[in-house]
2 protein chains.
Amino acid sequence: MDAQQLKILQSCPLFTDISREELYAVLNCLQARVIHVSRGQLIFQEGQQAAEIGIVLSGWVQIIREDYFGNRSIIGRAEPSQLFGEAFACAGTEMLVGVIAATDGEIMLADCRKVLTLCKNSCTFHNKIIFNLLQIVAQKNLLLSQKLEILSCRSTREKLMRYLLQEAKSAGNDEFCIPYDRQGLADFLGVERSALSAEISKMRSDGLIECKKNWFRLIPSSD
Amino acid sequence: MDAQQLKILQSCPLFTDISREELYAVLNCLQARVIHVSRGQLIFQEGQQAAEIGIVLSGWVQIIREDYFGNRSIIGRAEPSQLFGEAFACAGTEMLVGVIAATDGEIMLADCRKVLTLCKNSCTFHNKIIFNLLQIVAQKNLLLSQKLEILSCRSTREKLMRYLLQEAKSAGNDEFCIPYDRQGLADFLGVERSALSAEISKMRSDGLIECKKNWFRLIPSSD
DNA sequence: GCTTTTTTGTTGGATTTCCAACATACATTT
DNA sequence: AAATGTATGTTGGAAATCCAACAAAAAAGC
């Protein structure tokens, strides 16, 4: 475990509020192990019982899925300091996705039961890890719910409006900047870029919004 | 705490694998309290810091949300033995939804920090509760991901196919029954019922599927 | 059996979205 | 400033979806 790896681990959300000294202790306690993977190597196989949580230390991994007919598709990625497999490990179900190394790299693996079962010395930091893990999964849950709310809208205008309302709410302000360019926003909303641009123009001329690049302002309806 | 309420609690996923005797102890340990609510009463307010988890003991509650302009919409419900508010409580964020009593009823409220912080006597069942909670949130996570995968498809055919592939996979078989009628399936996929029916007919004549009512069979493509 | 109700399939026109192509605006480089 | 590249806006026809209305089939009630 070199200094670089330790730094990555410290920025992993699983270890938030864990000091460097505690980190050493907790890693020992979790019996976490570091493996070297080479490009293309399967780390978790779809269908296997999920028992381990992975943390990317270097390189990056792809989350992949195969449908009934064997067609593979990439559904996500994880970069250094990011977790993967935690939802399956915590849910106690079999993996519905596979994880494959996209580059050579190093991965830390920790048995989820070890994480969840308190060690004899009932260390306070072990407790903190469980807390962090729950928080991570719950936060992801909220993100997924928000996105679901958007994608369940039928029209482009509704989707965009729903998204903008979410942003306005979290900004606590009717004007705000969004973290996407047009193409990125279109991808996020699940619509065509050109259709999105056209809809933005319409909504602008309908007096619903003002916007300039990634800056938006919602205009309260006058009823 | 009467016998009926106890029975409801025992079927709550939060208390899976907790015996009746342990349940008494753990409720005391969590300092859970039962409140009576009347129809229309606000239980959790949108915007407030989430600290408590709710369990419906009798009656039922609605999960509601208000957009930036104050329009209310119902986005979910919870019935006896079901949890609510757990994602926000665990994520440690403010409530992005409100919860309101749809009928008179009884609600159990438990401070989430109490749930997550082990009591002095470090009871084994308390540990079990944390484990259950994590499992519940993680499982919900997987469900949301699956639904997101479907809704992110652009066409009706893709959505249906993705859904059927999921069902085939979880059934481990190319034939299976789905738990929806046509209207229900259309709602789930986020499309029109008539468009769905038409698409099913097309896919049938294209030789992709066989189906009769809620029974489906996937036909492997012959390439 | 028959009638009634519910569910599912079909159809055609209005609407929306997709798609490709091009125009314009903006930023960067030379 | 000119040239290049990228992001965004606009447009028109093709394709898909929505929507309402109706037809057919299945289920439920009498």
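- Each of C:dT17, C:dC18, D:dC19 was ranked by its minimum atom distance to the side chain of A:Glu199; first place goes to C:dT17.
- The residues B:Lys147 and B:Glu149 are annotated as not salt-bridged, no charged nitrogen and carboxylate oxygen being separated by less than 4.0 angstrom.
- Contact annotation: A:Ser201 side-chain N/O to D:dT10 OP1/OP2 distance is under 4.0 Å.
- In summary, B:Lys169 and B:Asp174 do not engage in a salt bridge, as defined by a charged side-chain N under 4.0 Å from a carboxylate O.
- In this structure, the side chain of B:Glu66 does not engage the main chain of B:Glu46 through any donor-acceptor pair within 3.5 Å.
- Spacing between atom CZ of A:Phe216 and atom C1' of D:dT8 amounts to 12 Å, rounded to whole angstrom units.
- The nearest whole Å value for the distance from the CD atom in B:Glu158 to the P atom in C:dC18 is 12 Å.
- Atom pair A:Lys202:NZ and D:dT8:P shows a separation of 20 Å (rounding to whole Å applied).
- Under the 4.0 Å criterion applied to side-chain N and carboxylate O atoms, B:Lys212 and B:Glu210 are not assigned as salt-bridge partners.
- Remark: A:Thr156 is in phosphate contact with C:dT17, judged by side-chain N or O atoms under 4.0 Å from OP1 or OP2.
- In this structure, A:Arg182 reaches the D:dG9 phosphate: one of its side-chain N or O atoms is under 4.0 Å from OP1 or OP2.
- Rounded to an integer number of Å, the gap from CD1 of A:Ile200 to C1' of D:dT8 is 9 Å.
- Atom CG in A:Leu196 sits about 14 Å away from atom C1' in C:dT16, given to the nearest Å.
- When rounded to the nearest whole Å, the span between CG of B:Leu185 and P of C:dG9 equals 11 Å.
- Ring centroids of B:Phe84 and B:Phe44 are separated by less than 6.0 Å, placing the two rings close together.
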Item to check | Evaluation steps, side-chain hydrogen bond (donor to acceptor under 3.5 Å, both in side chains), between B:Glu106 and B:Ser58 | outcome: CA-CA 5 Å; B:Glu106 285 138 340; B:Ser58 65; 2.8 Å; yes
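- With D:dC18, C:dG9, D:dG9 as the candidates, the nucleotide lying closest to the side chain of A:Arg204 is D:dG9.
- A:Met95 approaches A:Ala50 most closely through the heavy-atom pair SD-CB, 3.6 Å.
- Residue B:Arg154 contributes atom CZ, which lies 15 Å from atom C1' of D:dA15 at whole-angstrom precision.
- Considering only side-chain atoms of B:Ser197, the nucleotide from D:dT8, C:dG9, D:dC18 that sits closest is C:dG9.
- When distances run from any side-chain atom of B:Ser194 to the nucleotides C:dT10, C:dC19, C:dC18, the shortest one goes to C:dT10.
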Checklist entry - What string of B, S and - do you get for nucleotides 22-29 of chain D, 5' to 3', if B is base contact, S is sugar-phosphate-only contact and - is no contact with any protein heavy atom under 4.0 Å? => result ----SS--
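- Among the protein residues, A:Ser155 comes within range of the sugar-phosphate backbone only, with heavy atoms under 4.0 Å from sugar or phosphate atoms but none that close to a base.
- In this structure, B:Gln183 places its CD atom 13 Å from P of D:dA20, rounding to the nearest Å.
- Contact check, A:Arg157 against C:dT17: no side-chain N or O comes under 4.0 Å of OP1 or OP2.
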